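Report on one structure; see the data block that follows.
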Amino acid sequence: MDHLLPRPRVSESTPGVFEFVPGSSVSGPAALVDAVRLSLAVLDLRPAEAGADTAAVRVVEDAGLGPEAYEIEITAEGVRIAAGDRAGAFYAGQTLRQLLPAEAYRAAALPGTVWAVPCGRLADAPALSWRGAHLDVARNFLPKREVLRMIDMLALHKLNRLHLHLVDDQGWRVESRAYPLLHEIGSHRDQTTTSYYREEPAFDGVPHGGYYTLTDLAEISAYATARAVTVVPEIDVPGHASAILAAYPEFAARPADTYRVLDRWGISPAILSPLPATVDFLTTVFDEIIGALGDVPYFHIGGDECVLDDWAASAEISAYQEKLGLATPADLHAWFLRRLADVLAERRSRAVVWDEAFVSGMLRQDTVVMPWRGPQVGRRAAAAGHEVVATPVFPMYFDYAEAASAEEPLAIGDTITLADVAAFAPVPSEWTVEERDRVVGVQFQLWSERIPDGRTLDYRAWPRGCAAAEIAWSGAPVSECFTGRLDAHLVRLDAFGVEYRPPAGPRPWQRGGSGWRRHRPGVVDVQEMMRHLHELTQSADSTRPSTSS
């Protein structure tokens, strides 16, 4: 029991083992039994007959344990699980899976494997309710199979939020039956940049695209829900709008312009109009996405990196701003996001925003803030009464390289190491009690400009994601014994088929190679970037782009 990840709060070993045999059964409430069976699919546990008291695994519900909490007692006679809810039962199953041989992470049971677990007692519950990963499918589209696989990876690490970034300047990634040009035009671009940071533009000449149907989205949601993962969709507005406006330029602040899906990184000045027609358009799109996903407790509306020049230059928008009694375009930006949050609240969904939206002001009090530009602005948001999910560039942006080396595959900058993630305190001890209580979670970000495929996604996400899972579950930096537990866990990931980055460095076939895919160290320093971003948060007019690529 010494090699569990995340580390449980209570782990007590006793002599002996319990061995599962073919046809082992599980009893208890149907929903909890289903969760345990899903976690332990390799064992093919059979639901026990009603009233049976001889099941190998007995599951009981104990609401007093709290959400996502569980207790496990293993004796030579069997396993007893008490779970606070279905998620707790699922996580209890994941813990048992880690106690089994690493073959439990293969897609099928291997003949001759002894499915034994050591006797003892475990009790566990998460410190933070939001334990997430952000997956950008807008810049480089990832097929549905990669999204489902990411959900599997989150589930086995007890991570419970998949923040799905569905739109940006470089692509719109979900079907719209009400506005079909969004996916017919906005979902693809003619080519993609191959330039390094701030170099003369060069392109690959290869069309890129893809989108999820609404039925795909429903499938993703159902798959995630079964694995205790909540999908948080993001439609990033009013900036990052090139793909939207390529399809429907009438919603632009400058509709006379010609727009196209952006083929380079960074952002553009393309911005949606804040007028009522745009709100109606977005309301319809929100309804389509909510209708597909089902229960959507959180909906991310972005609000970041907006160039407001076209708003200021528009007589119609300026007149609307004056009619609303707003002094500046920045105030209008805040009002627009507040209006969308109200729309979502009517649909029983809470808005989530990047920290520019908080700095602009006017947020609903129930809006969740993601302070990507650092803990200082996060503290201000918490002090103002907002729930906060820690998402700082350092150390939670996994598009940064893990070493300042040309052997790394291309990354935006350097460095964010496994040790950096492991040392991060998502709930800063120097904050007041009230401020700390408003930190509801932590999330790592996988921006995909330099993640072209699933193999690169594995490399970027793991094992840094393992450390992120540990700090998210415990709410604190990892313990001193993390390295030994990670070594054992990587054997499980090997069995699962994860092409993670070895802690010692990339394997030969994972190296950057030649040409534009090789990382150039020393171009973007993450600590310098954090200092720059912090400075920007001091201005109420901080919606402008923070970086360019």
Side-chain angles (χ1 to χ4, degrees), residues 130 132-144 146-151 154 159 161-176 182-183 186-187 189 192 208-212 216-217 220-221 224 229-244 261-262 265-268 272 282 285-286 289-290 292-293 296 298-306 337 340 344 349 351-357 368-372 389 391 393 396-400 412 443-454 456-457 460-461 465 545-547 549:
W130 187 301
H134 163 283
L135 186 61
D136 172 14
V137 295
R139 271 53 175 269
N140 273 313
F141 179 71
L142 290 167
K144 180 183 68 177
E146 298 295 346
V147 179
L148 298 178
R149 187 172 181 278
M150 176 58 77
I151 292 168
L154 300 186
L159 294 163
R161 300 282 188 270
L162 176 62
H163 174 175
L164 206 53
H165 189 82
L166 289 168
V167 59
D168 220 295
D169 284 296
Q170 294 81 10
W172 173 279
R173 302 300 177 206
V174 62
E175 174 191 22
S176 173
L182 286 173
H183 63 267
S187 68
R189 56 183 183 262
T192 301
H208 177 87
Y211 66 90
Y212 311 112
D216 289 337
L217 217 57
I220 288 167
S221 180
V229 174
T230 298
V231 176
V232 181
E234 181 180 0
I235 300 298
D236 192 356
V237 293
H240 290 273
S242 296
I244 298 174
V261 181
L262 211 61
W265 307 139
I267 68 168
S268 79
L272 296 174
L282 290 173
V285 172
F286 290 172
I289 292 171
I290 292 171
L293 290 172
V296 182
Y298 304 97
F299 201 120
H300 205 301
I301 55 175
D304 61 311
E305 297 183 323
C306 298
L337 294 171
L340 295 180
L344 291 170
S349 187
V352 187
V353 294
W354 300 110
D355 64 58
E356 289 96 329
V368 180
V369 177
M370 289 187 168
W372 70 281
V389 177
T391 56
V393 171
M396 304 309 292
Y397 270 37
F398 289 3
D399 52 336
Y400 278 77
I412 187 173
Q443 177 175 285
F444 63 87
Q445 279 59 243
L446 290 159
W447 298 103
S448 70
E449 291 96 329
R450 296 156 185 90
I451 301 178
D453 52 41
T456 310
L457 180 67
R460 291 280 183 235
S546 303
T547 62
S549 299

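Predicted model only: the values in this text are computed from it and were never measured.
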remark   = Between Asp453 and Leu142, the two heavy atoms sitting closest are C-CD2, 4.0 Å
request  = To the nearest 0.5 Å, tell me how far Leu446 CG sits from Thr456 OG1.
outcome  = 11.5 Å
task = Please identify each residue that fulfils side-chain hydrogen bond (donor to acceptor under 3.5 Å, both in side chains) with Ser349, with sequence neighbours left out.
result = none
Leu457 side chain near Leu135 side chain, heavy-atom distance below 4.5 Å = yes
Evaluation steps, side-chain contact (heavy atoms from CB on, under 4.5 Å), between Glu305 and Trp354 = CA-CA 9 Å; Glu305 297 183 323; Trp354 300 110; over 6 Å; no
Close side-chain approach of Trp265 to Arg450, heavy-atom, < 4.5 Å = yes
ask   = Hey, are the side chains of Leu159 and Val229 touching, using non-hydrogen atoms and a 4.5 Å cut-off?
value = no
ask   = Under the side chain to side chain contact (heavy atoms under 4.5 Å, CB included) test, which residues partner Phe141, sequence neighbours left out?
value = Arg173, His208, Tyr212
inquiry  = If the condition is ring-ring contact (aromatic ring centres under 6.0 Å, His included), which residues does Phe299 pass it with, not counting sequence neighbours?
reply    = Phe286
task = First locate atom OG of Ser176, then atom OH of Tyr211, and finally report the distance between them rounded to the nearest 0.5 Å.
result = 11.0 Å
note = Interatomic distance, CG@Leu337 vs CD@Glu356, rounded to 0.5 Å, equals 10.0 Å
Residues forming a salt bridge (charged side-chain N to carboxylate O under 4.0 Å, His left out) with Arg139, sequence neighbours excluded = Asp136, Asp168, Glu449
ask   = Do Thr391 and Asp355 come within less than 4.5 Å of each other through their side chains, counting heavy atoms only?
value = no
note = Note: Asp236 and Gly302 closest approach over all heavy atoms is OD1-CA, 3.1 Å
request  = Hey, could you give me the CD/CD1 distance between Glu146 and Ile151, rounded to the nearest 0.5 Å?
outcome  = 12.0 Å
key: Partners meeting side chain to side chain contact (heavy atoms under 4.5 Å, CB included) with Ala133 (sequence neighbours left out)   = Leu154, Phe444
inquiry  = Would you compute the distance between atom NE2 of His240 and atom CG of Asp304 and round it to the nearest 0.5 angstrom?
reply    = 4.0 Å
ask   = Under the salt bridge (charged side-chain N to carboxylate O under 4.0 Å, His left out) test, which residues partner Asp399, sequence neighbours left out?
value = none
task = First locate atom CG of Leu166, then atom CD1 of Ile289, and finally report the distance between them rounded to the nearest 0.5 Å.
result = 6.0 Å
note = Of all heavy-atom pairs linking His183 and Ser187, the shortest is O-OG, 2.5 Å
query = Should the pair Tyr397 and Trp372 be assigned to parallel (<30°), tilted (30 to 60°) or perpendicular (>60°) ring geometry?
reply = parallel
Over all atoms of both residues, closest heavy-atom pair of Ile267 and Leu262 = C-CD2, 4.1 Å
task = Check side-chain hydrogen bond (donor to acceptor under 3.5 Å, both in side chains) between His163 and all other residues, then give those that pass, not counting sequence neighbours.
result = Glu234, Gln443
ask   = Going through the distances and angles, do Val147 and Leu162 end up as a side-chain contact (heavy atoms from CB on, under 4.5 Å)?
value = CA-CA 9 Å; Val147 179; Leu162 176 62; 3.9 Å; yes
Listed partners of Arg189 passing side-chain hydrogen bond (donor to acceptor under 3.5 Å, both in side chains), at least two apart = Asn140, Thr192
ask   = Nearest heavy-atom pair of Asp169 and Gly266: which atoms, and what distance?
value = OD2-O, 4.4 Å
task = Would you indicate whether the side-chain heavy atoms of Val285 and Leu182 approach each other to under 4.5 Å?
result = yes
task = Check whether any side-chain heavy atom of Val389 lies under 4.5 Å from a side-chain heavy atom of Met370, and answer yes or no.
result = yes
inquiry  = Do Ser242 and Val261 make a side-chain contact, defined as non-hydrogen atoms from C-beta onward lying under 4.5 Å apart?
reply    = no
ask   = With side chains defined as the heavy atoms from C-beta onward, is the minimum distance between Ile290 and Leu344 less than 4.5 Å?
value = yes
